[in-house]
Number of protein chains: 2
Amino acid sequence: MKIVVLDGYAMNSGDLSWEDLKKLGELSIYDRTPESKVVERISDSEIVITNKVVIGKEVFEKCKNIKYVGVTATGYNVVDTNLAKELGVIVTNVPAYSTDSVAQLVFSFILEHSQNVSKYAKSVKSGDWVNSKDFSYQKFPIIELAGKNLGIIGFGSIGKKVAEIGNAFGMNVLVNTRTVSKTKLDVNFVSKEEIFKSSDFLTLHCPLNDETKEIANEKNIKFNEKFCNFNKYWKRRAYQ
Amino acid sequence: MKIVVLDGYAMNSGDLSWEDLKKLGELSIYDRTPESKVVERISDSEIVITNKVVIGKEVFEKCKNIKYVGVTATGYNVVDTNLAKELGVIVTNVPAYSTDSVAQLVFSFILEHSQNVSKYAKSVKSGDWVNSKDFSYQKFPIIELAGKNLGIIGFGSIGKKVAEIGNAFGMNVLVNTRTVSKTKLDVNFVSKEEIFKSSDFLTLHCPLNDETKEIANEKNIKFNEKFCNFNKYWKRRAYQ
């Protein structure tokens, strides 16, 4: 059985082992594969492992032996899954490996925006706090997350983790999902329209498909007035 | 009854009202008060409101009318509370006003360190990601909080809130406190020695007193080996 790893570097840059995979068949590993070499490298392999290399119609048509495509990532939009289904090719992704780190990333972004840590660090280093007349030195707005609306589109393992952390920060968590399920988390399930209208922060944890493609578009993005006014309020302040 | 606010700007820079306080007596408000003017401004006032202005031995000795000192902050180390007790002067602080925002600040710092958002933002803007051969572009270490040890010294309302958020991030929460209490939070109560030895991140939410003064000293700060090794590992990597 021939196995080909098309872009192994993304998952294993030298700190993991391919040995177990090697035991299963004749294994070829490429760090990266440009589009022009995909068909040639898969050739008559039965198993294809990809991270971001696209396995679309042309590849399936030219590489007839493919029986399984393993995506070493969560997003599986790189594979034409409709065609794979038609051809009886099994496709798997890894939906849960990144739950904690993606949820952490979301709050890193939210807090970078809300707390302005890097701007304050730069300002403090330049002497602004030392020269401030007040102990409570405020140069940039700080937005308290407690009581703010956190919108989450998609309520899989990542969406749920983000909701849990949002709850801990005292945020009101709004969720829009195809599949409303029972949960112990303190969330309100709302419509797509409502989530765009009411969220102070909006984070997407849904598959990329026809329904969700370009969902954060001009029509949908209408963050609430309260938030816009907050920024205007700060611009008027004398702290600058 | 004479009431004096010594450094009102710290609490009220124009967006709050002093009206309710004015109803209680003859009110004098100063935005800021230098040390040299404290005694003169308090004079024969019975009520003193301070944020960061120090009310020490000399002040109490010269301003005999003081009956109450209100600290418009959580930390009350600006007041000589032992002497106040002796003199029968009531001192209050505001222990809970900042719970959410301080807990938020703690995680802003932890995430700024762990996720390197501002460094990545700068690097991405300069074109590093666009020019990267890999989709999974990694220039600076990213530390996953889940499974890391979060040490909290002090377990009042702020310490508990920090623990709650730490739990949501999947961290192991270690707590050192004088008063061990029952809690629904997932925390381990440990000794001072243990918390310094085992914490990947350490955060202080205790009063500043003789027991806690300069606690984060050379002797106590011994972050664990695992964490030091992590940084060394990253320095060896080829991503730079």
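Chain letters run A, B, ... following the sequence lines, proteins first and then strands; every chain starts at 1.
Here the straight-line distance linking atom CG of A:D31 with atom CG of B:D134 works out to 8.0 Å at 0.5 Å rounding. Within the model, atoms CD of B:E164 and CZ of A:F169 stand 10.0 Å from one another, a figure rounded to the nearest 0.5 Å. If you take OH on B:Y9 and CZ on A:F135, they are separated by 16.0 Å, rounding to the nearest 0.5 Å. Rounded to the nearest 0.5 angstrom, B:K133 NZ and A:R32 CZ are separated by 4.5 Å. Interatomic distance, A:M11 CE to B:S136 OG, rounded to the nearest 0.5 Å: 11.0 Å.
Within the 4.5 angstrom heavy-atom criterion, atoms from both the backbone and the side chain of A:F107 approach chain B. Neither the backbone nor the side chain of B:K119 comes within contact range of chain A; no heavy atoms are under 4.5 Å apart.
For A:Y76, the OH atom counts as loosely surrounded, since its 6.0 Å shell holds 12 or fewer non-hydrogen atoms of other residues, nucleotides or ligands.
Here the closest heavy-atom approach between residue B:K161 and residue A:A168 is recorded as NZ-O, 2.7 Å. Heavy atoms only, all atoms of each residue included: B:V117 and A:S108 are closest at CG2-CB, 3.5 Å.
Contact residues of residues 98-106 of chain A toward chain B are A:D100, A:S101, A:Q104, A:L105 (heavy-atom distance under 4.5 Å).
Annotation: maximal heavy-atom pairing with chain A below 4.5 Å, among B:S114, B:A121, B:G166, B:S118, occurs at B:S118. In terms of heavy-atom pairs under 4.5 angstrom with chain A, the leader among B:D7, B:L111, B:I110 is B:L111.
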